[in-house]
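Note sheet for the following structure.
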Amino acid sequence: MKICCIGAGYVGGPTMAMIAKQAPDIEVRVVDMNAARIAAWNSAKLPVYEPGLDEVVQECRGRNLFFSTEVRAAIREADIIFVSVNTPTKTYGLGAGRAADLRYIESVARTVAEEARGPKIIVEKSTIPVKTAGTIQTILAANARPGVAFEVLSNPEFLAEGTAVADLLAPDRVLIGGERTPSGERALQTLVDVYARWVPRERIVTTNLWSSELSKLVANAFLAQRISSINSISALCEATGADVDEVANAIGKDSRIGPKFLKASVGFGGSCFQKDILNLSYLCEHFGLPEVAAYWQGVVEMNDWQKRRFTSRIVNALFNTVADKRIAVLGFAFKKDTNDTRESAAITVCRDLLGERAQVVVYDPKVSAEEIRRDVGGPSAGDDCDRLQIASSAAEACAGAHAVAVLTEWDEFKTLDFGAIYAGMSKPAFVFDGRNLLDHAALREIGFRVEAIGKVVS
Ligand code: UDX
Ligand code: ADP
């Protein structure tokens, strides 16, 4: 059997590497039109940083895992084609800022129809709006060579970045949606058999197409909703003297609520949560459900507020002005153990601080200086970026700073020598812990003024 995956991104690359590892008899070809990305997948420095991924790729690359730009050839040869291209939020026209931009999906469907000379199973891996499988089917049917049959399956990916390899190795569930026709059932079974090589059968859930497509959006919406819920409570904790971590612990002990995804923070980021909720909310409107749309939209609004609120606290604490003050930003990735910065809260916080005329010095262990500049910059940034610096260590970022803001929960920040950092900072020296990561009592002991999320540090 031959599998090809179109799109060598954060989802396609690691997922295919795991399939290749678990199924040495299947040839897996990952293709992308981005030649630089493919070159990186073929090099010693992979384009995606994930703990454990290097080992998996090294084991399989050249054996049954191949990365190439030959999209059309790979389509012709494959039995199963995973579609793992990006589906960003539309920036133009109808649904701008909310709906998913499906042009990459459509373009892939057209290419598949042009190239396919025999039957193919098309698997939607990208997160897409409900009913996209219908669009793909229509495009394939209208453009296919005579006699070529396609089956479209939905197989959303639930891996989280930073734990991709562990998540792929032992997923909570694999979800596969397909049409309940004889040929649909056969296609479904073919894909079930691929995953069943390492995933216990009871964890492989099969549904109809629309349930599968919708479940991905709903899973992300529920996860994000929990974060916005606890973040909303963090503001109330700061106002009342309650401690949000204690509240989260207390409510999380209720088995009906559970302890996960209750960590208050400067705001959630990542390529999925915001995009998927906006998409879900747009879908609801499309289907005539404005109340449902508004309900979910609130999760994103709360997150935006939480990010802005963090910068306001910095400005207020620093005597209502940060102009020309040096602020060390520790962490830029949207969470630890990834080099991904998409929708990272750090982008908003840095932009807002620069807008307040601060000198912002960013340090992140995995994100490149070019990426940080690209993210913070942009047409509206103007001259602000002149005041943005990138440091190559936390100590360098903090030297001479008025305040330190922790925006990503990298482990290395927990063991920094804050005594030495304090000695080198302007006084009074502040720490703003956007992840409730540090030992606040110890920082106070050193002499820092400390502000954290959802608690009064005294
Ligand atoms: C998410 C989903 O978890 C995953 O199933 C889906 O496939 C893709 O989207 P990901 O975006 O990689 O994964 O990361 P996740 O661990 O969910 O974190 C998302 C954001 O929420 C991060 O910015 C993280 O720091 C933040 N977060 C997470 C919190 O602020 N508090 C929490 O308790 C958990
Ligand atoms: P994700 O996080 O969902 O994996 P990424 O943006 O990281 O998304 O990756 C999507 C990849 O899909 C990109 O590398 C992009 O170049 C690729 N891609 C988009 N459209 C096509 C296409 N028509 N043919 C081949 N590759 C494509």
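Order of appearance sets the numbers: ligands from 1, and atoms from 1 within every ligand. A quick note: this is a predicted structure, and the numbers were derived from the prediction, not measured.
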For the residue pair Phe432 and Phe430, categorise the inter-ring angle as parallel (less than 30°), tilted (30 to 60°) or perpendicular (more than 60°). parallel
Quick one: does NZ or CZ of Arg29 land under 6.0 Å from the six-membered ring centre of Phe67, within 45 degrees of the ring axis? no
To which protein heavy atom is atom 3 (O) of ligand 1 closest, and what is the distance rounded to 0.1 Å? Leu223 CD1, 3.8 Å
With heavy atoms only and a cut-off of under 4.0 Å, state how Lys336 meets ligand 1: side chain, backbone, both or neither. neither
Under 4.0 Å from ligand 1, counting heavy atoms only, is it the side chain of Ala160, its backbone, both or neither? both
Counting each atom of ligand 1 from 1 as listed, which ones have a heavy atom of Cys272 under 4.0 Å away? 8 (C), 9 (O)
Numbering the atoms of ligand 1 from 1, which are under 4.0 Å from a heavy atom of Gly269? 19 (C), 20 (C), 22 (C), 23 (O)
Any nitrogen or oxygen of Phe273 lying under 3.5 Å from a nitrogen or oxygen in ligand 1? Just yes or no. no
Contacts for ligand 2, heavy atom under 4.0 Å, by chain and number, are Ile6, Gly7, Gly9, Tyr10, Val11, Asp32, Met33, Asn34, Arg37, Ser84, Val85, Asn86, Tyr104, Ser107, Val108, Arg342
With side chains defined as the heavy atoms from C-beta onward, is the minimum distance between Thr87 and Lys275 less than 4.5 Å? yes
Could you check if a side-chain atom of Leu407 sits within less than 4.5 angstrom of a side-chain atom of Arg435, using non-hydrogen atoms only? no
Leu169 vs Met18 side-chain heavy atoms within contact, under 4.5 Å: yes
Tell me, which protein residue and heavy-atom name are nearest atom 2 (C) of ligand 1, and how many Å apart are they? Asn220 OD1, 3.5 Å
With side chains defined as the heavy atoms from C-beta onward, is the minimum distance between Thr190 and Val192 less than 4.5 Å? no
Examine distances only and state if a side-chain atom of Glu451 and a backbone atom of Asp433 form a donor-acceptor pair shorter than 3.5 Å. no
Is the closest N or O pair between Gly270 and ligand 1 shorter than 3.5 Å? no
For Phe268, atoms of ligand 1 separated by under 4.0 Å from a heavy atom: 20 (C), 21 (O), 23 (O), 26 (C)
Quick one: does any side-chain atom of Glu409 pair with a main-chain N or O of Lys335 as donor and acceptor, under 3.5 Å? no
Atom 5 (O) of ligand 1: which protein heavy atom is closest, and how many Å away? Phe158 O, 2.7 Å
Taking the side chain as everything from C-beta on, heavy atoms only, tell me whether Arg309 gets closer than 4.5 Å to Ser234. yes
Can you find a pair of side-chain heavy atoms, one from Ile314 and one from Leu353, that are under 4.5 Å apart? yes
Between ligand 1 and Glu409, is the shortest N or O to N or O distance under 3.5 Å? no
Ser265 versus ligand 1: do any nitrogen or oxygen atoms come within less than 3.5 Å of each other? yes
Measure the distance from atom 14 (O) of ligand 1 to every protein heavy atom, then report the residue, atom name and distance (to 0.1 Å) of the closest one. Lys335 NZ, 3.0 Å
Residues Phe334 and Gly269: closest non-hydrogen pair is CD1-C, 3.4 Å
Phe334, any N or O under 3.5 Å of ligand 1 N or O: yes
Is Thr338 touching ligand 1 with its side chain, its backbone, both, or neither, if touching means heavy atoms under 4.0 Å apart? neither
Hey, does Asp375 have a side-chain heavy atom less than 4.5 Å from the side chain of Ser344? no
Among Lys336, Lys366, Arg342, which residue satisfies the salt bridge (charged side-chain N to carboxylate O under 4.0 Å, His left out) criterion with Glu161? Arg342
So which of Glu161, Lys263, Arg435 gets nearest to atom 25 (O) of ligand 1, if we judge by its closest heavy atom? Arg435
Could you check Tyr92 against Asp101 for side-chain hydrogen bond (donor to acceptor under 3.5 Å, both in side chains), going step by step and ending with a plain yes or no? CA-CA 9 Å; Tyr92 54 89; Asp101 191 340; 2.9 Å; yes
Ion pair Arg98/Glu285, N-O distance below 4.0 Å: yes
Would you kindly specify which portion of Lys216 sits under 4.0 Å from ligand 1, judged on non-hydrogen atoms: side chain, backbone, both or neither? side chain
Taking only non-hydrogen atoms of Leu262 and a 4.0 Å limit, the atoms of ligand 1 in range are 33 (O)
Could you identify the single nearest non-hydrogen protein atom to atom 28 (C) of ligand 1 and state the distance to 0.1 Å? Ile227 CD1, 3.5 Å
